[in-house]
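Order of appearance sets the numbers: ligands from 1, and atoms from 1 within every ligand. Bear in mind the structure is a predicted one, so any value in this text is a computation, not a measurement. Because only heavy atoms are used, hydrogens play no part in the values below, and waters and symmetry mates are left out as well, while side chains stay in.
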Amino acid sequence: MAHHADFTNFHTNDRKESLELVLQHYEALSSEQDNWVANLSNASSLIWYAYHSLKVPVNWSGFYITSSEDQLLLGPFQGKVACQSIKFGRGVCGKAASDQITQLVPDVDKHPDHIACDGETKSEIVVPIVKEGKTLGVIDIDCLDLEGFGETDREALERLAELIVKTCKFY
Ligand code: SME
């Protein structure tokens with residue numbers, strides 16, 4: 001890559017391929033960097049540009065990080081301003097954090113405990129980042145379309161979460 005920004009060029013219309021490139025580019029970018037702020041900032045950008053190149057109207061891509069025993073705090077992201085603090089068990093992010101299971105929400109209006117940071121969001125995926133049984137944080141992606149995410153996304157983003165565990169030091 002001639003420039004760092006070139007990592008956000010995704011020349012494919014195939015979702016699986018594009019998400020595979022997110023993983024490859026994340027690996028390349030984190031190969032000599034273990035700071036979680038730096039790595040997750042670039043990861044949120046990779047996710048944002050991958051979906052936008054696929055014409056998936058993602059309106060938020062980023063991270064919430066475990067800040068104390070049962071609390072998530074807003075981390076690096078792309079998109080509009082979002083809520084800062086979420087308790088484990090609350091909302092889609094808090095459920096992914098407490099249950100350590102990916103949450104696929106095809107219609108946020110039908111979800112009993114969705115926290116609406118942006119009234120325009122229609123669907124969401126939240127993937128927990130878990131190391132040795134402890135939730136370090138979650139990947140959160142919102143979409144302006146209903147059913148914005150599915151199994152292909154779950155599979156790739158769970159692999160991204162594993163890569164994050166391997167590459168980031170959380171201080
Ligand atoms: N919708 C999330 C809150 C975070 S925003 O989507 C950025 C939830 O219900 O946990």
Side-chain angles (χ1 to χ4, degrees), residues 8 10 15 18-19 22-23 26 35-131 133-165 168 170:
T8 43
F10 296 93
R15 196 160 180 133
S18 192
L19 292 170
V22 168
L23 297 170
Y26 176 83
N35 180 278
W36 68 270
V37 177
N39 284 343
L40 300 191
S41 298
N42 276 337
S44 62
S45 173
L46 290 173
I47 295 167
W48 177 274
Y49 281 97
Y51 282 110
H52 280 259
S53 77
L54 293 166
K55 309 261 185 298
V56 178
V58 160
N59 59 326
W60 204 88
S61 66
F63 296 87
Y64 281 88
I65 304 301
T66 304
S67 60
S68 63
E69 203 178 316
D70 64 347
Q71 198 74 40
L72 290 169
L73 190 65
L74 182 63
F77 71 93
Q78 301 278 310
K80 291 183 181 172
V81 165
C83 53
Q84 285 111 314
S85 163
I86 299 173
K87 233 183 162 36
F88 273 38
R90 278 293 336 276
V92 185
C93 290
K95 181 136 179 74
S98 59
D99 295 5
Q100 300 185 330
I101 296 169
T102 296
Q103 307 292 311
L104 255 174
V105 183
D107 181 350
V108 296
D109 290 334
K110 291 196 178 131
H111 192 280
D113 196 27
H114 171 253
I115 301 167
C117 290
D118 182 345
E120 293 192 340
T121 298
K122 294 280 190 296
S123 59
E124 178 167 16
I125 184 168
V126 182
V127 178
I129 303 167
V130 181
K131 183 181 186 180
K134 190 179 172 320
T135 302
L136 299 176
V138 301
I139 307 170
D140 180 15
I141 313 175
D142 295 346
C143 183
L144 296 173
D145 281 350
L146 290 167
E147 297 174 19
F149 309 101
E151 286 308 315
T152 303
D153 308 278
R154 181 209 298 268
E155 199 264 327
L157 294 166
E158 287 182 351
R159 283 169 58 209
L160 178 62
E162 284 170 23
L163 273 179
I164 288 166
V165 169
C168 289
F170 290 82

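Residue V92 has at least one N or O atom closer than 3.5 Å to an N or O atom of ligand 1. For W60, no nitrogen or oxygen atom sits less than 3.5 Å from a nitrogen or oxygen atom of ligand 1, counting backbone and side chain alike. By the 3.5 Å distance cut-off applied to N or O atoms, E124 is counted among the residues near ligand 1.
When hydrogens are left out, the protein atom nearest atom 1 (N) of ligand 1 is I115 O, 2.8 Å; that is the closest non-hydrogen contact. Counting only heavy atoms of the protein, atom 5 (S) of ligand 1 lies nearest to C117 SG, 3.3 Å. Among all non-hydrogen protein atoms, the one lying nearest atom 6 (O) of ligand 1 is D142 OD2, 2.7 Å. Nearest non-hydrogen protein atom to atom 10 (O) of ligand 1 is C93 N, 2.8 Å.
With sequence neighbours left out, R154 forms a side chain to side chain contact (heavy atoms under 4.5 Å, CB included) with T102, L104, I125, E151, E158. Contacts of A38 classified as side chain to side chain contact (heavy atoms under 4.5 Å, CB included), with partners at least two apart in sequence or in another chain: Q33, N35.
In summary, the atoms of ligand 1 found under 4.0 Å from a heavy atom of D140, numbered by their order in the structure, are 4 (C), 5 (S), 6 (O), 7 (C).
Heavy-atom neighbours of Y49 OH from other residues, nucleotides or ligands within 6.0 Å: at or below the threshold of 12.
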Can you check side-chain contact (heavy atoms from CB on, under 4.5 Å) on I47 and L160, steps first, answer last? CA-CA 10 Å; I47 295 167; L160 178 62; 3.9 Å; yes
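Assignment of Y64 to the shell around ligand 1 is supported, since a heavy atom sits closer than 4.0 Å.
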